[in-house]
Amino acid sequence: MPELPEVETVKTVLVKNVKNKTIKDVVINYPRVIENVYTEEFIDKIVHQKITDIKRRGKWLIFKLTDLTMLSHLRMEGKYFLETELEPVKKHDLFILKFTDGTELRYNDTRRFGKIYLFKNEEAEEFLDKRLGLEPWDNNLTKEYLSEKFVTKKTPIKTALLDQSVITGLGNIYVNEVLFLSKINPNRRACDVSKEELKLIIKNTREVLEDAISLGGTTIISYAAGHQIGQYQNKLKVHFKKGHPCEKCNSIIKKESINGRGTYYCPSCQKK
DNA sequence: CAGGTCTCCTGCTAGC
DNA sequence: TGCTAGCAGGAGACCT
């Protein structure tokens, strides 16, 4: 499941592989993957556009085109592969950008949760601004900022940190890791987390994400960035570790569901 | 209006 | 061994 480090890794691979390529045709095998434009209109608008750059905001990939912006969210299992046009199309290749040089960018998504949007440039900005809060490395991300956001929040801190309009980029895996490193029980109400603990959350968020990016992300089950395999799964301390002893205190790591999300934590290190 | 629940999907797995 | 019910999950829609 791609979170910020995985999307950053995909972005880097895409810049290397498809930047400056020109789209000569599009194949849409699953029209519902395109969210805000009808299939015919999408094809009509995107053909002959050149990919001038690829950026990332939160978990969103931003394809800058000649005079449009294509946004792509990978959700659970979205992957991009660069192939030649001779390569047989795979089962879950939902849409394909064909380039003038004979290569193709294929979007593969087993669960079909991923979404593509096509916008005018300023509309794309608005769309993202409306949904996304601060990037983890934004200087405005301080304990005061989080404290203000959380002061009335009675939801579990785990849930509050998954809200993309506060900090953007954290998903289920890294939130579990960050809360473990910060020694905070994921069930604690967000409003009951102290400023000092919020400071720790920010520090650990940055460290965990930087570390994961440097290792190419986490590969659990199905995530892959153009055949690159991330290595951060070897460093996970609680996620997927149910029944294992905690590294710090030897207690048994617990798994429970918080707001429908699998949550792993050490019941003894992480204080309520 | 905050906070909860449902929905979208497929593939894997536990249980019989 | 083969079948199926249940589960997983990001984020928007919808309900209370």
Side-chain angles (χ1 to χ4, degrees), chain A residues 1-8 10 28-37 56-62 71-80 89-95 107-117 119 123-124 126-133 135-136 146-179 186-193 205 209 212 217-224 233 236 238-243 254-265:
Chain A
M1 42 218 94
E3 301 179 29
L4 189 150
E6 292 72 35
V7 179
E8 181 66 21
V10 173
I28 299 171
N29 295 322
Y30 183 68
R32 292 179 65 178
V33 74
I34 317 280
E35 187 71 8
N36 69 327
V37 186
R56 178 198 60 74
R57 257 185 80 183
K59 304 177 199 171
W60 289 86
L61 286 166
I62 305 169
L71 300 181
S72 167
H73 198 301
L74 307 174
R75 293 285 185 97
M76 312 300 300
E77 308 210 20
K79 302 168 203 68
Y80 278 101
V89 170
K90 291 201 289 289
K91 188 175 176 188
H92 296 290
D93 287 341
L94 305 188
F95 98 110
Y107 178 71
N108 186 284
D109 187 347
T110 319
R111 283 191 199 167
R112 308 182 178 208
F113 269 25
K115 291 292 174 207
I116 305 283
Y117 292 78
F119 284 118
E123 287 174 352
E126 264 173 51
F127 178 90
L128 294 175
D129 287 344
K130 208 168 89 184
R131 286 165 175 74
L132 305 182
E135 284 284 316
L146 281 187
S147 167
E148 195 182 311
K149 291 279 184 189
F150 291 165
V151 69
T152 59
K153 276 248 175 274
K154 296 189 173 82
T155 49
I157 184 68
K158 160 81 188 296
T159 307
L161 288 172
L162 287 172
D163 181 348
Q164 301 298 300
S165 71
V166 180
I167 304 177
T168 182
L170 279 179
N172 204 37
I173 298 173
Y174 296 113
V175 165
N176 285 334
E177 294 298 308
V178 166
L179 287 174
N187 285 298
R188 181 133 40 111
R189 298 193 304 180
C191 57
D192 292 336
V193 177
T205 297
L209 295 179
T218 298
T219 310
I220 290 181
I221 306 169
S222 57
Y223 152 78
Q233 68 273 20
L236 296 175
V238 286
H239 194 87
F240 269 23
K241 300 285 187 189
K242 179 188 175 186
K254 220 175 137 178
K255 183 192 179 188
E256 68 183 71
S257 180
I258 297 181
N259 270 46
R261 303 284 167 262
T263 304
Y264 300 80
Y265 67 99

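Naming convention: chains lettered A, B, ... in sequence-line order (proteins, then strands); numbering from 1 in each chain. Just so it is clear, the structure is predicted and the values come from calculations on it, not from any experiment.
Within the nucleic acid shown, Lys130(A) has no heavy atom closer than 4.0 Å to any nucleic acid atom. Residue contacts shown for Gly171(A) are absent, as no nucleic acid heavy atom lies under 4.0 Å away. Heavy atoms of Lys115(A) sit nowhere under 4.0 angstrom from any nucleic acid atom. Looking at heavy-atom distances under 4.0 Å, Thr159(A) makes no contact with the nucleic acid at all. Within 4.0 Å (heavy atoms only), Arg112(A) reaches sugar-phosphate atoms of the nucleic acid but no base atom. Residue contacts for Lys255(A): at a heavy-atom cut-off of 4.0 Å it reaches the sugar-phosphate backbone alone, with no base atom in range.
The distance between atom CD of Glu77(A) and atom C1' of dC7(C), rounded to the nearest whole Å, is 13 Å. Following rounding to the nearest Å, Arg189(A) (CZ) and dG4(B) (P) show an atom-to-atom distance of 11 Å. Atom-to-atom, CZ of Arg75(A) to C1' of dA13(C) comes out at 11 Å; the value is rounded to the nearest Å. Rounded to an integer number of Å, the gap from CD1 of Ile167(A) to P of dG10(C) is 16 Å. One interatomic measurement links the two molecules: CG of Leu94(A) to C1' of dT10(B), which rounds to 11 Å at whole-angstrom precision. At whole-Å resolution of the value, NZ in Lys153(A) and P in dC1(B) are 12 Å apart. Atom CG in Leu128(A) sits about 12 Å away from atom P in dA11(C), given to the nearest Å. The CD-P distance, from Glu3(A) to dA11(C), rounds to 9 Å in whole Å.
Distance from the side chain of Arg111(A) is smallest to dA8(C) among dC8(B), dA8(C), dA11(C). Listed nucleotides dC9(B), dG9(C), dG3(B) differ in distance to Thr155(A); the shortest reach to its side chain belongs to dG3(B). Of the candidates dT10(B), dG9(C), dA11(C), the closest approach to any side-chain atom of Asn172(A) belongs to dG9(C). Relative to the side chain of Lys91(A), the nucleotides dG11(B), dG9(C), dG3(B) differ in distance, and dG11(B) lies closest. Nearest nucleotide to the His73(A) side chain, out of dG12(C), dG10(C), dG4(B): dG10(C).
With rounding to the nearest 0.5 Å, the separation of CD in Glu35(A) from NE2 in His73(A) is 12.0 Å. Atom-to-atom distance recorded for Leu161(A):CG and Leu146(A):CG is 7.5 Å, nearest 0.5 angstrom. Rounding to the nearest 0.5 Å places OG1 of Thr155(A) at 11.5 Å from CG of Asn187(A).
Considering only side-chain N and O atoms, Gln164(A) lies under 4.0 angstrom from the phosphate OP1 or OP2 of dA11(C). The side chain of His92(A) places no N or O atom within less than 4.0 Å of a non-bridging phosphate oxygen (OP1 or OP2) of dT10(B). Contact check, Lys154(A) against dA2(B): no side-chain N or O comes under 4.0 Å of OP1 or OP2. Within the structure, every side-chain polar atom (N or O) of Arg261(A) is placed at least 4.0 Å from both OP1 and OP2 of dA8(C).
Two residues are said to be in side-chain contact when any heavy atoms from C-beta on lie closer than 4.5 Å; Pro136(A) and Ile167(A) meet this criterion.
Searching all strands for a Watson-Crick or G-U wobble partner of dT16(C) with both distances below 3.5 Å returns dA2(B).
Residue Asn259(A) is the one, among Asn259(A) and Asp109(A), whose nearest nucleotide of DNA chain B lies closer to the 5' end (criterion: closest heavy atom). Of the residues near DNA chain C, Thr263(A) and Arg131(A), the one whose nearest nucleotide (by heavy atom distance) lies more toward the 5' end is Thr263(A).
For Asn172(A) and Lys158(A), the side-chain atoms include at least one donor-acceptor pair closer than 3.5 Å.
Using a 4.0 Å cut-off between a side-chain N of Lys or Arg and a carboxylate O of Asp or Glu, Asp129(A) and Arg57(A) qualify as a salt bridge.
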